Structure formats: C-alpha cells, structure tokens
There are 2 protein chains.
Amino acid sequence: MELIPLGTSSATLVKERGLSAHVLRSDGSVLLFDCGDGTQFRLKNAGIRHSRIKAILISHLHGDHLMGLFGLLFSMSLARRDTSLTIVGPEELASIVSAIPGLSPSELSFRINYVKLKEGFEHEEVYREDQLCVNARPLDHGAFCIGYRVTKYGPKKKIDVERARMLGVNNSEQFRSLAMGKSVLTTGGQLITPKEVEDTSRLQAVFAYVTDTRPCAGALELAKNANLLLHEATFSQEHEALGWSTGHTTAAGAAAVAADAGVNKLLLTHFSSRYSDLSVLEEEARTIFPNTAIAREYNVYDIMSADAKQEAGMAR
Amino acid sequence: MELIPLGTSSATLVKERGLSAHVLRSDGSVLLFDCGDGTQFRLKNAGIRHSRIKAILISHLHGDHLMGLFGLLFSMSLARRDTSLTIVGPEELASIVSAIPGLSPSELSFRINYVKLKEGFEHEEVYREDQLCVNARPLDHGAFCIGYRVTKYGPKKKIDVERARMLGVNNSEQFRSLAMGKSVLTTGGQLITPKEVEDTSRLQAVFAYVTDTRPCAGALELAKNANLLLHEATFSQEHEALGWSTGHTTAAGAAAVAADAGVNKLLLTHFSSRYSDLSVLEEEARTIFPNTAIAREYNVYDIMSADAKQEAGMAR
C-alpha cells in the first residue's frame, strides 16, 4: 500500500503545489482522497490511470478539495468507463454532481455509488474491498468535514492453520471442514469450532487521512496506531490563533496528534501559500514527533516503511 | 491586444497540452475564452492575475471547455474579489454555477453578470468596454455552441479633427462646439454638423474565436477580415468524416474558412490527443492558407501582427 501526494496546497494557489489530492494505491487499485481543481492532470503526470480509481473520498465541500472532481468524472465518462465508481462524502455531493452538464446519471457512461455521510454521524465503514476497509469519522473544521482510516489486510485465509494444528487438528479433511464453517472433533476428542481458528493475522497496515481540521478527537481515533498518518499542517505555531479560528492545525498540533495516537510516521500536508520553504513546518513538528516529513508531490510513500521510494511516473 | 493560448487540447487529456482556455489581453484587462479543468493553474503559470479578468466567455457546456470555471470562481471569491465579473454563455450556466458549494450569489464575494444566450439566437453583442466590443454567433457543433468576434477600437475621440479642418473648421472654439455635439458655421459660411466630422477611424483590430464547430456560416461571419482567427482544427483531412460526425473541423477546413473570410492570420487550436506532432496539421492548413500557425500554449500573439512575441510569464 502506497501513498502518492498529488496536491499539498491549502486553498490559495501557489505555482509550486497542487490543490488537495492524495492517491492511495494498493495492489493496482486506487483510492483518491479529495480532488482539487486540476487533479486529473496530476494523475496523468504521476502515471496513474483514472480507470484504476475504485473510490473517491471527499473530506468536505470547500472548493479546493472538490472542484477537480467534475473534470475527472467527465474524463472517465469520455473514456467510456463501464465499471462503477464509489464516491464517499457529504450527502449533498450526489445532487451537486448530477446537476453539472455531462455528469447526470443518464449521461455518465458508468454508475456512481454514493456513500452519503450526514452531519452528526459518529463513525461509519464507508468502503470495503477484499483486502481494504475504510472507516470515516467527523473532524472539526467548522464546515462539515470527514477524516478517513484505511486498513489493509493480507490475502484472505479462511482459518489460522498454525492455531488449528496447535489445537490438535491434523488431517486435511478436518482443515477443509473448518474452512467450510463446520466444527470438527480432533483425534484427542476435543471439539474445535471455526470461530476458535479464525484467521486474525491479516492486518497489514493502517493509513489515516486527516484534513481539514483543528486537532480533535476524531483525528486521534482515526490515527490510532497507524503506520502512516497524513495530517494537515496549514500553519506554523506562529499562526496558531489564525489556525484555530479558520479550523486548521499547526505543524506542532499535527505532531501532537501523531504522538498521542502512537503512529509510526507522520506526513504533513495542506500548506498555506505563505510558506515557500516548508522546512519550518517540518522542524516544528519534529521537536514533538521526530518521525515527521513533508508530503512531497509525486513521491511514492510505502505505508509500511513510510519512506519515499521513488517518484511516481518515473518508474512506470 | 494580445492572445495567449493556455489550453489547446481537445477533450481527451495529453500531458503536453491543457484543456480549452485562451486569454485575450488588452490594455491590462483580460477576457478568458473557455475554461477547461486546471485553467487557474495555467493563468498562474502565465503570470496573469485572475483579478484582471473582466469577462469569461464560454463556447458550450462540454466538460473540457467548462470544468475549470468552478475552481477559478472559487479562487476569485477566496481572494475577496469585489468587482463584478461578466460570464457569457449558454443560458443554463447561471443555475449550474450557483448550485455548486461556495458559488451561489450569497456566498460569492462578487457579483456575476450573466449574459445568457439561448439556442436559436442569430447574433448578439455580448460584451462592451470603452475600447472593446464582443459579438457572438452560433456555431455548428451538434450541441449548442457559440463563437465570438472581438473588435478593438482606438482611444475614443469625439471628432475627426483632420476631416473638420478639411471642411474649414479652424478655431478651437468651433472644435469644442462640435465635440459637444453642436453644429458650427465656418468662416466660409458653411454649416458643419457633428455627424459630418464623427471619428470613424477607431477600428484597430479584430480577433475571432471559433471552437467547437464544423466549418459553418457563423464561423465565416465571425472571422470576416479579422486580423487573427483562432479556429479549431481537431483533426487532419485523413479523419474528415470523423470530424464531421463529431461536429469538428479539420486543419484544411479551418484554412478554407480563413481564406474565405479574408483574415490576416490563422492560428489552429483544439487538437485531438492522437497528434503528438502538430506539424501535420500546420502543413495541411498552409497548402490552403499560408499564413497559418499552431497556437502554442503560453506564447503571446500580437493580434495586429499575429506573431508570437514572447512567452507569457517570462517577460512579467
């Protein structure tokens, strides 16, 4: 599972950074978190085909996180996509999208499954594939805003073979029965239920996506023990009051969340246009949480090691 | 008056070209023709401030000409623009824009004056400043689509001083009277009316914007005697049938319009993603209309000489 930041700017444009968009890639399927204006060009630059996107998860309805969605959906339809797409976000999204020329259900070449979140929700599973599960919680941005936690599992095994062996299961017939959900009697006369040998070793990695928000309980829950936490750091401590009043977090604030949540690595994103040199944010966070880095656009971060491996689009 | 192409691609994305957007700059005020996804980044790259945009003129409601409008308006509002903006285009535009979060009249920091064109209109003046006038005519794209013709005038003079002198006006009192709309009697006893000495020498340059369309009468009217015609050339002659069936023009077709309309120079734009080398289109057009060039993104074309002067963003 890899993270590829495509847009790390907060709302005001700078030449050097794109508007909010981050890709999570896992076994060839792609989740896109937020979709600022121009995201489809950044996907192209990164060598990521939009046909691979299984789900788009929108944090909130501010333009810098949203306005690229329409052009991306238009391009998907133009390319005659025929597999359905999941869009997760505030409940109003469906009607917004379908009011735009070319994006109504009757015009699109593919189906959109909307997962609609309502203000006031507490937590919810919003997306699931065979080996991925995404949970959502509300953040604290003023406007209704949602954070996400992605859990990646290993290949699905029906039973924990090692554990079954330890409990005395020793022939293939019995393994098969357990895998089919039936209890078996060991040669030692013990009844073993499928529940007892359930495979619980599948958890591989956790990624948390937290933007836009003040430091909050939702962020902490989403980030708990994550391998990689991507957290907004719009400002430095110098502008803490401004951060609070506009519903944002400082680099130090993001680091405190990372430390409290016991994450392995923290990546900072969503930078105010006032910072041309981001090292001030990185250094501020590192005094509190040393394993912090600036999310660099087009870098590929392995979620397990959380190190940048290469530049997207370079190796493909 | 200068033209700066920002996006010369047809709908399918290629890395090298942006989606439809062309800037016309005149004495510091800016008109934007079409606004594909990501246009606000291209404006920034070209060093053109969105605060300078007086009017946005949309040809039609296909996504590749439209989807960048929402992000651009969001950025204008975020920057607390307080001067009104004119948007010209199909009548549905107003309700589309105002249904998007942040872009309703009560949320925007500025007022939008919509000039709404209805399918079936024949020709209409859609925008006027002191020295600029824009007229619109329908094109032939299948979907309702509008072409534009911009006329640039010189600084407004009340009377043609040379002509008045020739008619015998020879003192400053009489010049002032004519400028104030009063007739005067010359020393030779002749009555001179203001109408007789009206300044008709103001026309400086004409620019025509024609995309998306098949070759059509509207295109010809818009282009008549223009200094610069920007015309779509989605395909080469090899794909003429495809061009016709999808409502587009070949390079040769654009050149024929330029020749028939008696323009000074033809710039080609809106290129299919199948052409990585655009010289095939340029050469095809030049066999019919020699003074043809490919519109190069970020080049600055002087409308009078219609030559590229420099790269936008470089010189400012």
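Chain A is the first sequence line, chain B the second, and so forth, proteins listed ahead of strands; every chain is numbered from 1. Bear in mind that the values here come from a model prediction, so they are computed numbers and not experimental data.
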field: Enclosure of B:E238 CD (heavy-atom neighbours >12, cutoff 6.0 Å)
entry: no
task: Identify which part of A:L69 has an atom lying under 4.5 Å from any heavy atom of chain B, answering side chain, backbone, both or neither.
output: neither
query: For the side chain of B:D37 and the backbone of A:G38, is there at least one donor-acceptor N/O pair under 3.5 Å apart?
result: yes
message: For the CZ atom on A:R52, are there more than 12 heavy atoms of other groups (residues, nucleotides or ligands in this structure) within a distance under 6.0 Å?
response: no
- prompt: Picking from A:T39, A:V14, A:L73, which has the most non-hydrogen pairs under 4.5 angstrom with chain B?
  reply: A:V14
- prompt: Where do B:K15 and A:K44 come nearest, in terms of heavy atoms and distance?
  reply: CE-O, 3.4 Å
- request: Sort A:L103 into side chain, backbone, both or neither according to what part of it lies under 4.5 angstrom from a heavy atom of chain B.
  value: side chain
- request: For A:M67 and B:I100, run side chain to side chain contact (heavy atoms under 4.5 Å, CB included): C-alpha distance rounded to whole Å, both residues' side-chain angles, the deciding distance at 0.1 Å, then the answer.
  value: CA-CA 9 Å; A:M67 298 301 193; B:I100 292 176; 3.7 Å; yes
query: Non-hydrogen atoms of chain A under 4.5 Å away: do they reach the side chain of B:L78, the backbone, both or neither?
result: side chain
Heavy-atom proximity to chain B below 4.5 Å, by part of A:V97: neither
- prompt: Which bit of A:E92 comes within less than 4.5 Å of chain B, counting heavy atoms only: side chain, backbone, both or neither?
  reply: neither
task: Considering non-hydrogen atoms only, spot the tightest contact between B:L13 and A:S75 and give its length.
output: CD1-OG, 4.3 Å
- request: Any ring-ring contact (aromatic ring centres under 6.0 Å, His included) involving residues 51-104 of chain A? Give me the pairs, sequence neighbours left out, ordered by first then second residue.
  value: A:H60-A:H62, A:H60-A:H65, A:H60-A:H141, A:H62-A:H141, A:H65-A:H270, A:F70-B:F70
message: How close do B:A99 and A:I96 get, counting heavy atoms only, and between which atoms?
response: O-CG1, 4.1 Å
task: Specify which of A:G18, A:S77, A:A11, A:S95 makes the most heavy-atom pairs with chain B at under 4.5 Å.
output: A:A11
